[in-house]
Amino acid sequence: MEDLLKGKTFHTCLDEQIIFSQLKQDDSAIWSLLLASGYLKVENYQFNMTTGHDEYELKLTNLEVRFMFQNMVTG
């Protein structure tokens with residue numbers, strides 16, 4: 001999250017078929033939720049043939065979203 005707040009990207013594997021019950025079990029589920037809700041955007045995507053996973057490079061969608069998350073973190 002720190003890198004995202006600095007305007008950088010974040011690299012992760014995602015499951016686009018996320019369901020809410022997975023939020024407690026899967027750490028990457030929150031990134032899927034933020035992407036689906038429009039707070040994150042995909043900067044780069046590739047399918048990793050070795051692992052069989054979808055890999056994403058994510059970034060906050062805009063400056064307003066970045067400020068909103070900064071305010072949530074700093075209080």
Side-chain angles (χ1 to χ4, degrees):
M1 184 58 96
E2 287 181 37
D3 284 343
L4 291 174
L5 293 176
K6 293 177 184 175
K8 298 179 183 178
T9 58
F10 175 75
H11 186 265
T12 189
C13 294
L14 293 179
D15 178 5
E16 291 187 36
Q17 306 298 321
I18 191 70
I19 55 175
F20 287 108
S21 63
Q22 292 175 318
L23 289 172
K24 290 183 180 180
Q25 302 163 0
D26 184 1
D27 291 339
S28 68
I30 189 67
W31 304 116
S32 298
L33 180 63
L34 290 172
L35 178 62
S37 60
Y39 292 108
L40 294 174
K41 63 181 177 180
V42 176
E43 287 287 300
N44 190 20
Y45 161 83
Q46 70 181 42
F47 180 77
N48 186 321
M49 296 293 284
T50 306
T51 63
H53 292 108
D54 296 317
E55 296 181 354
Y56 295 83
E57 190 173 350
L58 303 174
K59 188 172 186 173
L60 293 174
T61 53
N62 56 41
L63 192 58
E64 290 82 6
V65 170
R66 193 163 117 200
F67 288 150
M68 179 192 72
F69 278 107
Q70 281 177 332
N71 287 336
M72 289 171 62
V73 171
T74 60

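For residues 57-69, the side chain to side chain donor-acceptor pair (under 3.5 Å) pairs, not counting sequence neighbours, are T9-E57.
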Next on the checklist: Under the criterion side-chain contact (heavy atoms from CB on, under 4.5 Å), I'd like the reasoning laid out for F10 against D3: C-alpha separation, chi angles, the key distance, then a yes or no.
Outcome noted: CA-CA 7 Å; F10 175 75; D3 284 343; 5.7 Å; no
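In this view, Q70 satisfies the side chain to side chain donor-acceptor pair (under 3.5 Å) rule with no residue, not counting sequence neighbours. Every residue two or more places apart in sequence or in another chain that forms a side-chain contact (heavy atoms from CB on, under 4.5 Å) with F69 is listed here: M1, L5, L34, Y39, L60, V65, M72. Every side-chain contact (heavy atoms from CB on, under 4.5 Å) that L33 has, sequence neighbours left out, goes to F20, L23, I30.
With rounding to the nearest 0.5 angstrom, the CG atom of L40 is 12.5 Å from the OH atom of Y56.
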Going by atom type alone, with no hydrogens or angles, which donor-acceptor pairs under 3.5 Å involve a side-chain atom of residues 41-50 and a protein atom two or more places apart or on another chain?
{"from": "Y45", "atom 1": "OH", "to": "D54", "atom 2": "OD1", "distance (Å)": "2.7"}
{"from": "N48", "atom 1": "OD1", "to": "T50", "atom 2": "N", "distance (Å)": "2.8"}
{"from": "N48", "atom 1": "OD1", "to": "T51", "atom 2": "N", "distance (Å)": "3.0"}
{"from": "N48", "atom 1": "ND2", "to": "E55", "atom 2": "OE2", "distance (Å)": "2.7"}

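Cluster annotation: F67 is not connected to L4 through the hydrophobic network of ILVMFWY side chains, with a link wherever side-chain heavy atoms come within less than 4.5 Å.
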